[in-house]
Amino acid sequence: MAMRKIPAPKPNPETQAFWDAAAQGRFLIRRCTACGKAHWYPRKACPFCWGEKTEWVEASGRGTIYSYSVMRRAAEPYVVAYVTLAEGPTMLTNLVDCDFDALAIGQEVRLKFSPSEAGPPVPTFTIAES
Amino acid sequence: MTTGKCYIAGAFEHPTRKAEDKSVAELHAEVAIGALADAGLSMRDVDGYFCAGDAPGLGPLSMLDYMNLKVRHVDSTDTGGSSYLLHVAHAAQAIAADKCDVALITLAGRPRSEGMATGTAPRTYNPAQPDAQWESPFGLTIINGYAMCAMRHMYEFDTTSEQLAWIKVAASHHAQHNPHAMLREVVTVEDVVNSPIVADPLHRLDCCVISDGGGALVVVKPEIARSLNRPRVKLIGTGTAPKLQAGGDIDLTYSAAVWSGPAAFAEAGVKPADVKYVSIYDSFTITVLIQLEDLGFCEKGRGGAFVADGNLISGVGKLPFNTDGGGLCNNHPANRGGMTKVIEAVRQLRGEAHPAVQVKNCDLALAHGTGGSLATRHAGATLILERE
């Protein structure tokens with residue numbers, strides 16, 4: 001089956017390091033050194049405590065499906081999903097390389113970067129082997 | 001407090017659903033003229049103007065210029081489809097503060113003529129919008145976002161597609177009496193669940209229509225309302241609230257109505273059981289279900305059972321909703337359904353709804369809107385209106 005073309009994300013000075021790491025196959029999230037919580041999407045000041053000392057950390061790439069939907073009315077059907085990361089936050093993503101009809105909320109997934117059109121790869125997920 | 005400090009004196013819904021031969025500005029002017037005529041006021045009486053992102057130009061400036069209105073108060077708050085309910089709340093505040101006496105609110109657009117794939121195509125955002133790079137690559141659209149809300153609601157509360165379908169069925173029962181409605185055919189639960197899936201678990205008939213058109217409201221201070229020869233519709237409670245993604249602490253099962261609803265009920269001094277008619281934002285069937293729960297018409301998670309078996313059909317069920325056919329069957333002008341929600345509530349309170357759907361002794365109504373996306377960022381606004 002043909003894959004939907006993923007539009008390139010447009011990094012900015014606040015997020016360039018994330019996409020540079022993605023280009024090297026590393027998936028970063030942002031964590032606050034004051035309150036200790038990780039958040040999504042990444043930003044400089046912690047959205048929970050407004051602490052300004054946050055840092056990039058490499059995420060495990062493990063998560064579970066919080067919700068999903070198979071977009072049927074598209075040239076190439078695809079799956080949007082919210083995945084809750086092992087580190088805490090829930091992120092919007094795609095589920096790829098899996099049987100769309102066998103998906104379920106609560107399933108464990110693992111990171112699998114997908115290429116974008118003329119841009120860095122984007123963090124998507126696939127079903128984790130049990 | 002703005003309770004009882006203003007009235008909705010004029011309301012007008014443009015009859016068009018496809019306006020290939022009109023400009024967007026022209027539609028704004030037509031609904032403005034219609035609402036002022038409905039109130040019995042003229043353009044010279046207007047001293048406050050409210051519009052949102054559907055109005056072309058910088059904030060309100062181009063529309064004021066086009067309509068040649070001289071005002072002393074403006075507001076261009078934009079929260080998508082709920083903007084016009086926020087505008088009513090803001091107009092009430094402005095009138096209470098003596099910043100204007102006659103507030104005009106307009107909405108218009110022509111997504112149908114322009115061939116916009118409103119729900120199924122990812123929208124393009126300004127890359128400076130901080131969330132854009134975390135959403136655009138993944139093909140998030142309006143419908144697959146709401147579909148994820150429905151999927152999670154089904155997972156947590158065993159809500160079914162058949163229960164959601166009842167919302168469309170109720171809207172269609174009302175739309176059959178509206179000569180302007182886009183979809184006038186009465187549909188069944190089977191029709192809805194057998195229509196093609198657009199994004200699991202939402203079917204084509206779980207979606208609202210895409211229509212051109214618009215609407216306008218005139219909000220006035222009490223002295224002016226009393227001088228007009230129209231049934232008086234008093235605003236007695238408002239609540240507005242945004243709901244966001246909370247740094248990734250996401251819960252798709254509830255909406256901003258959990259905050260805007262209680263605020264409006266508290267100000268009005270009434271409770272959900274007192275309400276005779278509701279206008280509920282209906283971009284999709286799931287939108288209605290979640291908002292009804294959040295507004296307190298039933299317990300969280302019990303919305304499926306609440307809407308089933310015709311409970312939302314006027315003359316049949318306990319809580320008649322969207323008696324014009326709503327966005328699901330009648331009209332969703334400019335992809336922004338909040339304006340028409342207020343207009344039908346005004347019709348009901350005046351006793352001017354279609355006789356087949358008019359709620360008996362309709363003296364208390366609620367209108368609620370959601371703008372943006374339930375799946376990411378949205379703002380809810382609740383208005384409680386009373387016939388005086």
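Protein chains get the first letters and strands the later ones, always in sequence-line order, with residue 1 at the start of each.
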Out of curiosity, [X] [atom1] to [Y] [atom2], how far, rounded to the nearest 0.5 Å?
X	Y	atom1	atom2	value
B/R152	A/S69	CZ	OG	14.5 Å
A/I105	B/M154	CD1	CE	10.0 Å
B/D249	A/F48	CG	CZ	6.0 Å
A/L92	B/S136	CG	OG	10.0 Å
B/Q129	A/N12	CD	CG	12.0 Å

Discussion item. Heavy-atom pairs under 4.5 Å with chain A: which of B/A199, B/A375, B/G247 has the most?
Written reply: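 Result: the option with the highest number of such pairs is B/G247.
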Might you confirm whether atom [atom1] of [X] has over 12 heavy atoms from other residues, nucleotides or ligands at distances under 6.0 Å?
X	atom1	value
A/K37	NZ	no
A/E14	CD	yes
A/E58	CD	yes
B/R302	CZ	no
A/R110	CZ	yes
A/R62	CZ	no
A/E108	CD	no
A/K10	NZ	no

When the ring planes of A/F18 and B/W134 are compared, do they come out parallel, tilted or perpendicular, using 30° and 60° as the limits?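 Perpendicular: the ring planes of A/F18 and B/W134 meet at over 60°.
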Given heavy-atom pairs under 4.5 angstrom as the criterion, report whether the side chain, backbone, both or neither of [X] touches chain A.
X	value
B/A246	backbone
B/L202	neither
B/T141	side chain
B/T120	both
B/P130	both

Sub-3.5 Å donor-acceptor pair from the side chain of [X] to the main-chain atoms of [Y], do we have one?
X	Y	answer
A/Y66	B/L252	yes
A/R72	B/D200	no
A/Y82	B/M148	no
A/N94	B/F138	yes

Quiz item: Given the rule in the side-chain contact (heavy atoms from CB on, under 4.5 Å) test, do B/E135 and A/Y41 qualify, once you have shown the distances and angles that lead to the verdict?
Solution: CA-CA 10 Å; B/E135 293 172 9; A/Y41 52 87; 5.8 Å; no
At a heavy-atom separation under 4.5 Å, does [X] approach chain B through its side chain, its backbone, both, or neither?
X	value
A/R43	side chain
A/P7	both
A/S116	neither

We want to know whether B/Q245 and A/W40 form a side-chain donor-acceptor pair, criterion being a heavy-atom distance below 3.5 angstrom.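 No, no side-chain donor-acceptor pair sits under 3.5 Å.
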**Message:** If you count heavy-atom pairs within less than 4.5 Å of chain B, which of A/P89, A/S67, A/P42 leads?
**Reply:**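 Answer, by heavy-atom pair count under 4.5 Å with chain B: A/S67.
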Exercise. Tell me, with the steps shown, if B/I143 and A/R73 meet side-chain contact (heavy atoms from CB on, under 4.5 Å).
Key: CA-CA 10 Å; B/I143 185 167; A/R73 197 170 183 276; over 6 Å; no
